[in-house]
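Right, one structure below, let's go through it.
Basis for what follows: all heavy atoms, side chains included, without hydrogens, waters or symmetry-related copies. Numbers here simply count residues along the sequence, with the first being 1.
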Amino acid sequence: MGLPGPGQGETAPLGNLYWIQTRVEDQGPQEKECRLTDREFTTAMEYVQSAEFFPGVVCGLDR
């Protein structure tokens with residue numbers, strides 16, 4: 001299992017997905033606000049938030 005590049009996950013042999021996170025830079029409040037409207041950053045966040053953490057399980061419902 002090699003190290004993934006920025007913004008990539010790595011799937012282990014048993015199917016677990018690992019995301020490697022590092023802090024590349026510190027952003028000030030203005031830069032953070034600017035990125036909220038930048039399509040590149042919002043697209044990346046939409047991708048990450050769409051991941052199925054528990055495939056086949058409907059979240060919020062008791063079975």
Side-chain angles (χ1 to χ4, degrees):
M1 180 167 82
L3 290 176
Q8 295 179 348
E10 184 70 28
T11 303
L14 295 177
N16 295 316
L17 178 62
Y18 294 92
W19 288 88
I20 309 301
Q21 298 179 6
T22 60
R23 181 176 293 200
V24 176
E25 63 183 327
D26 289 322
Q27 301 105 25
Q30 291 177 331
E31 178 63 22
K32 290 178 185 178
E33 188 173 333
C34 180
R35 290 185 181 193
L36 288 174
T37 59
D38 186 327
R39 190 69 189 145
E40 177 185 0
F41 291 99
T42 57
T43 300
M45 287 307 301
E46 288 170 359
Y47 170 74
V48 171
Q49 292 173 349
S50 70
E52 283 190 50
F53 291 106
F54 303 104
V57 175
V58 179
C59 295
L61 300 177
D62 293 334
R63 290 188 174 200

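By the side chain to side chain donor-acceptor pair (under 3.5 Å) test, Gln27 is found to be paired with no residue, residues two or more places apart in sequence or in another chain being considered. Residues satisfying the side chain to side chain donor-acceptor pair (under 3.5 Å) test with Glu46, not counting sequence neighbours, are none. A search for salt bridge (charged side-chain N to carboxylate O under 4.0 Å, His left out) contacts involving Glu33 returns nothing, not counting sequence neighbours.
A donor-acceptor distance shorter than 3.5 angstrom exists from the side chain of Ser50 to the backbone of Tyr47, with no hydrogens or angles considered.
Considering all non-hydrogen atoms of both residues, Thr42 and Leu36 come closest at CG2-O, 3.2 Å.
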